[in-house]
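Per chain, numbering begins at 1; letters A, B, ... match sequence-line order. As the structure is a prediction and not an experimental result, all values here were calculated from the model.
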Number of protein chains: 2
Amino acid sequence: MSIIKSNTLKNIPFFKNCSDKTIEALSDQAQIIDLEKGSMLFSNKDKAERFYLVTKGWIKLYRETIDGAQSVVDILNANNVFGEVALFQNDTTSFSAEAAERAQVMSFPLCILKKEIENNSNLTMDMMLSMTRHARQQDQEIENRTLKNASQRIGCFLLRLVDQRKTGEIVIKLPYDKTLVAARLGMQPETFSRALNKLKDQIDLHVVGREIRILSLQDLTKYACSACSSEFPCHDIKS
Amino acid sequence: MSIIKSNTLKNIPFFKNCSDKTIEALSDQAQIIDLEKGSMLFSNKDKAERFYLVTKGWIKLYRETIDGAQSVVDILNANNVFGEVALFQNDTTSFSAEAAERAQVMSFPLCILKKEIENNSNLTMDMMLSMTRHARQQDQEIENRTLKNASQRIGCFLLRLVDQRKTGEIVIKLPYDKTLVAARLGMQPETFSRALNKLKDQIDLHVVGREIRILSLQDLTKYACSACSSEFPCHDIKS
DNA sequence: CGAGGGTTTGAAGTGCATCAAATAGTGTGG
DNA sequence: CCACACTATTTGATGCACTTCAAACCCTCG
């Protein structure tokens, strides 16, 4: 009897094309890991034998230099899978993972996934799709860092959080604390604070703690996405 | 009778696991395109129906904003394939392509590749591998832009051009002109020039046109890679 | 030899980082 | 429910890195 119901996994997009047998095997071998804020899940120096599913909280994926400077790769919440690319990299990952706040993840042996991929072309196709999506996000991110200033990067970050079809006044809640958003956008917390103030001067926008009220999405788009290219205007990449 | 020998394709890494039948089909439908410097091959706004193989010269992949600012995605030379990811993006690409200098490419219908992928898991695996590699390069690039200064980025660029096992004096020839290298590294030509001068002050290094003579790889690594993380020291990612 | 693009240099401005310190906010134990 | 400790956030002052604009130089190629 496994610690989790296989039903749990079936409802996660990543596993939707896995065979029942594999779901079963994964469930059997699953481990649940609770993480305090800031505690490390794995380091890029570790040999990767498992992959992970976020079940609660936020997980930060990052790279770290010798002198401690960090570059944030991604920040994931519930139902996102990570660490699976080690399969194609000789069981290594190029990043480390830690809890951005109190979090919980589930881990599974990579070898089970490996076997499934070899036989299941639907799953492979899913992974291709998600990798392509990720590649596009990365391209976009490089563009962001190269062509946009801090305020515009914040603007685009906000736009990706909302449903673009909405009109009128909109309230956006930052998904995690401002320091982390700053890191995610490749800037210092101080810069984030000042750049958000600058954004307030440019467009109608009110900030209360983590909540940001925007009066006109159009204005924000006009300001932030003037330096966007193919993904114009900024939106969540999901297709 | 096709315009190219199928042998030509079989020797390209990308096609090595394609079935003979598909190689044949690709050869039959191949088109050869000659490009003058600066001429555009396709735009991200076009619908993608073909993918490409570089046969001569250099092709620049880039994204462009409304006001003309460019962000270079990649710069490819002979035997590299591009545009194939459109298969997983509803026949769109998120970048445009143009000749960085006089160049030649071959184009093939995406639909042939699509059919092959559906039946050929070896090819799929190859593509996964190359996408993973690309993703890692992108992560590295984001790190570069975030954590390194201009001189260090140049240093790492040079390191990726040479065989790290060599010792003693080494001569590196820049693969394309300095303006393009600058764009590839996300900086202005002026900044490139000045940053290269700064590099000269830091380590023993001589520049004559496109040729750069380095006396000690170690010194360069020490200077440039102090802000590198997992891929330390900088090297060509090929495995 | 001359035209044009690539490259370098100079001068000035801008944006972000850094360091320091104040302020706001949050969770904990009493 | 309050006080304290600790963290997150903001603000100020300053410096550095890169960009921008302008102009000179150099190299190549017709």
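When the C1' atoms of four end pairs are superposed on the next four at each end of the helix from C:dC1-D:dG30 to C:dG30-D:dC1, using five pairs per end, the two resulting axes differ in direction by 40°, to 10°.
Between the side chain of A:Asn149 and the main chain of A:Ser151, a donor-acceptor pair closer than 3.5 Å is present.
Note on A:Asn197: every side-chain N or O is 4.0 Å or more away from OP1 and OP2 of D:dT9. For D:dT10, the OP1/OP2 oxygens have a side-chain nitrogen or oxygen of A:Ser193 closer than 4.0 Å.
Contacts between residues 175-187 of chain A and DNA chain D, defined by a heavy-atom separation below 4.0 Å, involve A:Asp177, A:Lys178, A:Thr179, listed by number.
Under the side chain to side chain donor-acceptor pair (under 3.5 Å) criterion, B:Gln138 pairs with A:Asp139, not counting sequence neighbours. Residues meeting the side chain to side chain donor-acceptor pair (under 3.5 Å) test with A:Tyr223, sequence neighbours left out: none. Partners of B:Asp74 according to the salt bridge (charged side-chain N to carboxylate O under 4.0 Å, His left out) rule, which considers only residues two or more places apart in sequence or in another chain, do not exist here. Under the ring-ring contact (aromatic ring centres under 6.0 Å, His included) criterion, A:Tyr176 pairs with A:Trp58, sequence neighbours left out.
Taking the 5' to 3' direction, DNA chain C first and last meets chain B under 4.0 angstrom from a heavy atom at C:dG6 to C:dA11.
Within a 6.0 Å sphere centred on CD of A:Gln218, other residues, nucleotides and ligands contribute 12 heavy atoms or fewer.
In this structure, A:Leu196 and A:Leu199 have side chains that are in contact, with non-hydrogen atoms separated by less than 4.5 Å.
In this structure, a donor-acceptor pair under 3.5 Å is absent between the side chains of B:Ser96 and B:Arg63.
Comparing A:Ala195 and A:Gly209, the nucleotide of DNA chain C nearest to each residue sits closer to the 5' end for A:Ala195.
Within the structure, salt bridge (Lys or Arg N to Asp or Glu O under 4.0 Å) pairs that include any residue of residues 184-210 of chain A comprise A:Glu141-A:Arg184 (at least two apart or interchain). Applying the salt bridge (Lys or Arg N to Asp or Glu O under 4.0 Å) definition to pairs two or more places apart or across chains, those involving residues 157-175 of chain A are A:Asp163-A:Arg165, A:Glu169-A:Arg213.
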What donor-acceptor contacts under 3.5 angstrom involve side-chain atoms of residues 75-83 of chain B, with partners at least two apart or in another chain?
none

Donor-acceptor list for residues 98-107 of chain A side chains, cut-off 3.5 Å, not counting sequence neighbours:
unit_1: A:Glu98; atom_1: OE1; unit_2: A:Tyr62; atom_2: OH; d: 3.3
unit_1: A:Arg102; atom_1: NH1; unit_2: A:Glu36; atom_2: OE2; d: 3.2
unit_1: A:Gln104; atom_1: OE1; unit_2: A:Thr55; atom_2: OG1; d: 3.0
unit_1: A:Gln104; atom_1: NE2; unit_2: A:Asp34; atom_2: OD1; d: 3.3
unit_1: A:Ser107; atom_1: OG; unit_2: A:Arg50; atom_2: NH1; d: 2.4

For nucleotides 21-26 of chain D, print each protein N/O atom paired with a nucleotide N/O atom at under 3.5 Å, atom names and distance only.
unit_1: D:dC21; atom_1: N4; unit_2: B:Glu190; atom_2: OE2; d: 3.2

